[in-house]
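What follows is a single structure, written as structure tokens, with notes after it.
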Amino acid sequence: MRVWVEEVHGHVDGEVTLRGWLYQRRSSGKLHFLLLRDGTGTIQCVVFVKDVAPEVFAIAGHLPQESALEVTGIVRADARSPLGFELAVRTLRVLHEAAPYPITPKEHGPAFLLDHRHLWLRSSRQHAIMRVRASVVRACRDYFDRRGFTLLDAPIFTPAACEGTTTLFQVGYFDETAYLTQSGQLYMEAGAMAFGKVYCFGPTFRAEKSKTRRHLTEFWMIEPEVAFADLDDDMALAEDFLVEVVGRVVEERHAELTLLERDLAPLARVQKPFPRLRYEEALALLAGAGKSVPFGDDFGGDEETVLSEHFDRPVLVHRYPAACKAFYMKTDPADPRLALCVDVLAPEGYGEIIGGGQREDDLDTLAGRIRAHGLPEEAFSWYLDLRRYGSVPHAGFGMGIERMVAWLCGLHHVRETIPFPRMLERLRP
């Protein structure tokens with residue numbers, strides 16, 4: 001019977017056939033130990049000289065890493081194995097003998113590994129990270145699906161900027177100019193006016209000439225938007241969302257996080273309530289730490305790290321100066337200098353993982369903002385329509401999947417959080 005590695009627990013003392021790739025090989029006299037991976041797991045296949053034909057034993061002793069194999073044998077329980085089982089081999093068939101594998105046990109630099117990303121993905125570390133990523137995505141979608149949000153898909157091609165004209169990727173679109181989306185938010189605002197509660201999940205693009213460990217030029221975001229919601233509602237949603245997603249991923253991917261040597265104690269502390277900090281309070285905290293920031297400036301990675309170090313769980317920093325935020329942010333009626341916005345900063349120095357806020361719902365005010373930012377009014381005519389026909393307070397946020405995965409896995413750089421990273425100097429493979 002042909003099974004996957006993850007299914008062998010149901011066939012103890014029975015004969016099964018596995019297909020996969022040779023991850024590692026070692027020999028000890030009359031025994032060859034082949035670690036076979038098939039994507040669902042890795043199992044040790046024991047080839048004993050007396051259990052197989054002589055030619056099979058000889059072949060098993062020289063197989064190169066990543067050769068594709070079909071192995072048949074008896075499943076044995078083995079408490080010493082990380083999987084809890086091993087396979088006593090009876091027959092082995094080589095489906096493809098691999099060429100010498102370029103990624104060896106020696107230390108390789110990041111550039112080499114990124115050049116061979118298509119092969120690096122086969123390593124146990126990358127398997128663990130990608131499985132955590134898959135759980136993050138599933139937990140995010142389940143959270144909103146179970147709460148009555150409607151999934152809407154935002155377009156990739158857009159006629160104008162959402163987050164600022166300096167980070168746009170421009171592309172030809174027949175006889176027009178189009179841009180790769182920076183965010184699905186504006187379209188989710190239209191969705192919220194139609195369905196009440198919506199979210200989108202998809203790739204976004206920022207032409208930021210940045211080489212920091214937190215930036216990619218292409219990344220994935222999940223973006224909810226809710227009608228009849230204000231900033232307080234938005235912060236409560238972000239808080240509840242993070243608590244559930246972190247808890248579920250830790251539960252589902254305990255083995256993978258352990259393989260990554262992630263300290264799980266900080267993640268266990270991600271519980272409500274989160275501390276909330278006004279922008280002015282954050283300025284005072286930074287000044288006390290010797291990092292003075294002028295009023296009106298946004299916070300960079302260094303400032304976010306200093307702030308997050310004061311808390312043992314995510315912190316919500318809200319009401320930044322309107323001048324440093326996007327044109328669509330609603331200003332605080334109590335202080336028009338400030339925007340009704342929030343950034344959620346992850347602990348342990350991982351910085352902003354969520355950004356959002358309440359949107360400007362007044363037609364004349366929003367039209368004035370579009371003009372003040374030098375944006376093409378024609379491109380935003382549809383967006384202004386949302387304020388002409390049944391405008392109501394509404395709010396939402398965006399969470400970058402890659403930064404979330406980096407935090408959960410305890411990674412230094414976001415380049416490992418996506419199968420094929422795109423960065424300032426990285427377009428291949």
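Everything numeric here is computed off the predicted structure, so don't read it as measured data.
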Do [X] and [Y] touch side chain to side chain, with heavy atoms closer than 4.5 Å?
X      : Y      : answer
Val226 : Leu237 : yes
Glu225 : Arg359 : yes
Tyr350 : Thr305 : no
Leu18  : Val8   : yes
Asp234 : Val342 : yes
Val405 : Ile129 : yes
Arg403 : Glu352 : yes
Phe420 : Pro429 : yes

Practice task
Let me see the working for Arg387 and Asp361 under salt bridge (charged side-chain N to carboxylate O under 4.0 Å, His left out), right down to the final yes or no.
Solution key: CA-CA 6 Å; Arg387 278 71 180 172; Asp361 52 87; over 6 Å; no

Does the ring center of [X] lie less than 6.0 Å from the ring center of [Y]?
X      : Y      : result
Phe241 : Phe397 : yes
Phe380 : Phe327 : yes
Tyr279 : Phe299 : yes
Tyr173 : Phe157 : yes

Handout entry: Audit row: Ser124, His127, side chain to side chain donor-acceptor pair (under 3.5 Å) steps and yes/no
Key = CA-CA 5 Å; Ser124 59; His127 267 217; over 6 Å; no

Is it true that [X] and [Y] make a salt bridge, defined as a side-chain N closer than 4.0 Å to a carboxylate O?
X      : Y      : result
Arg125 : Glu416 : yes
Glu208 : Arg214 : no
Asp230 : Lys330 : no
Arg19  : Glu70  : yes
Arg76  : Asp78  : no
Arg37  : Glu66  : yes

Fill in the blank from the handout: Taken in chain and number order and not counting sequence neighbours, the residues that satisfy ring-ring contact (aromatic ring centres under 6.0 Å, His included) with Trp220 are Phe201

What distance do [X] atom [atom1] and [Y] atom [atom2] have between them, rounded to the nearest 0.5 Å?
X      : Y      : atom1 : atom2 : value
His310 : Leu345 : NE2   : CG    : 12.5 Å
His116 : Arg122 : NE2   : CZ    : 11.5 Å
Glu218 : Thr204 : CD    : OG1   : 8.5 Å
Leu386 : Ser391 : CG    : OG    : 8.0 Å

Exercise for the section: Begin from the C-alpha positions of Met399 and Leu242 and carry the test side chain to side chain contact (heavy atoms under 4.5 Å, CB included) through to its verdict. Expected result: CA-CA 10 Å; Met399 187 192 80; Leu242 276 179; 4.1 Å; yes

Exercise for the section: Please check if the side chain of Arg93 supplies one atom and the backbone of Leu69 the other of a donor-acceptor pair under 3.5 Å. Expected result: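 Here the side-chain-to-backbone pair does not exist.
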
Problem - Polar side-chain atom of Thr417 near backbone of Val414 as donor-acceptor pair, under 3.5 Å - result: yes

Practice task
Take Arg426 and Asp115 through the salt bridge (charged side-chain N to carboxylate O under 4.0 Å, His left out) test and state the conclusion after the steps.
Solution key: CA-CA 9 Å; Arg426 176 63 56 180; Asp115 287 341; 2.7 Å; yes

Over 12 foreign heavy atoms within 6.0 Å of [atom1], [X]:
X      : atom1 : answer
Arg138 : CZ    : yes
Phe228 : CZ    : no
Arg80  : CZ    : no
His254 : NE2   : no
Arg2   : CZ    : yes

If every non-hydrogen atom of [X] is compared with every non-hydrogen atom of [Y], which pair is closest and at what distance?
X      : Y      : value
Ala227 : Val392 : CB-CG2, 4.2 Å
Pro64  : Ala98  : CG-O, 3.4 Å
Arg141 : Leu151 : NH2-CD2, 3.3 Å
Arg206 : Ser183 : NH2-CB, 4.3 Å
Val5   : Asp38  : N-OD2, 2.8 Å
Leu22  : Leu34  : CD1-CB, 3.7 Å

Problem - Full working for side chain to side chain donor-acceptor pair (under 3.5 Å) between His394 and Glu189 - result: CA-CA 8 Å; His394 58 288; Glu189 291 185 54; 2.7 Å; yes

Exercise for the section: Using only heavy-atom distances, determine whether the side chains of Asp145 and Tyr199 contain a donor-acceptor pair under 3.5 Å. Expected result: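 On atom types as modelled, these side chains qualify, holding a pair under 3.5 Å.
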
Problem - Gln44-Glu86 side chain donor-acceptor pair, cut-off 3.5 Å - result: yes

Handout entry: side chain to side chain contact (heavy atoms under 4.5 Å, CB included) assessment of Arg422 paired with Leu216
Key = CA-CA 6 Å; Arg422 295 293 178 254; Leu216 297 168; 5.9 Å; no

Handout entry: Candidate pair Lys197 and Phe144, rule side chain to side chain contact (heavy atoms under 4.5 Å, CB included), full reasoning
Key = CA-CA 9 Å; Lys197 299 184 293 185; Phe144 292 115; over 6 Å; no

Exercise for the section: Begin with the C-alpha distance, continue with both residues' side-chain angles, and end with the deciding distance and a verdict on side chain to side chain donor-acceptor pair (under 3.5 Å) for Ser308 and Glu348. Expected result: CA-CA 7 Å; Ser308 69; Glu348 305 175 88; over 6 Å; no

Practice task
Take Ser135 and Glu252 through the test side chain to side chain donor-acceptor pair (under 3.5 Å) and record every step on the way to the result.
Solution key: CA-CA 7 Å; Ser135 284; Glu252 285 185 3; 2.9 Å; yes

Would you be so kind as to tabulate the donor-acceptor pairs closer than 3.5 Å made by side chains of residues 311-322, with sequence neighbours excluded?
{"unit_1": "Arg313", "atom_1": "NH1", "unit_2": "Gln271", "atom_2": "O", "d": "3.0"}
{"unit_1": "Arg319", "atom_1": "NE", "unit_2": "Asp332", "atom_2": "OD2", "d": "2.9"}
{"unit_1": "Tyr320", "atom_1": "OH", "unit_2": "Asp343", "atom_2": "OD2", "d": "3.3"}

Exercise for the section: Determine, for Tyr23 and Arg25, whether the Lys NZ or Arg CZ falls below 6.0 Å from the six-membered ring centre while staying within 45 degrees of the axis. Expected result: no

Exercise for the section: Just jot down the side chain to side chain contact (heavy atoms under 4.5 Å, CB included) partners of Leu113, sequence neighbours excluded, or say none. Expected result: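 Testing Leu113 for side chain to side chain contact (heavy atoms under 4.5 Å, CB included), a comparison that skips the adjacent residues, returns Ile103, His108, Trp120.
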
Problem - Audit row: Val132, Leu257, side chain to side chain contact (heavy atoms under 4.5 Å, CB included) steps and yes/no - result: CA-CA 8 Å; Val132 170; Leu257 294 171; 4.0 Å; yes

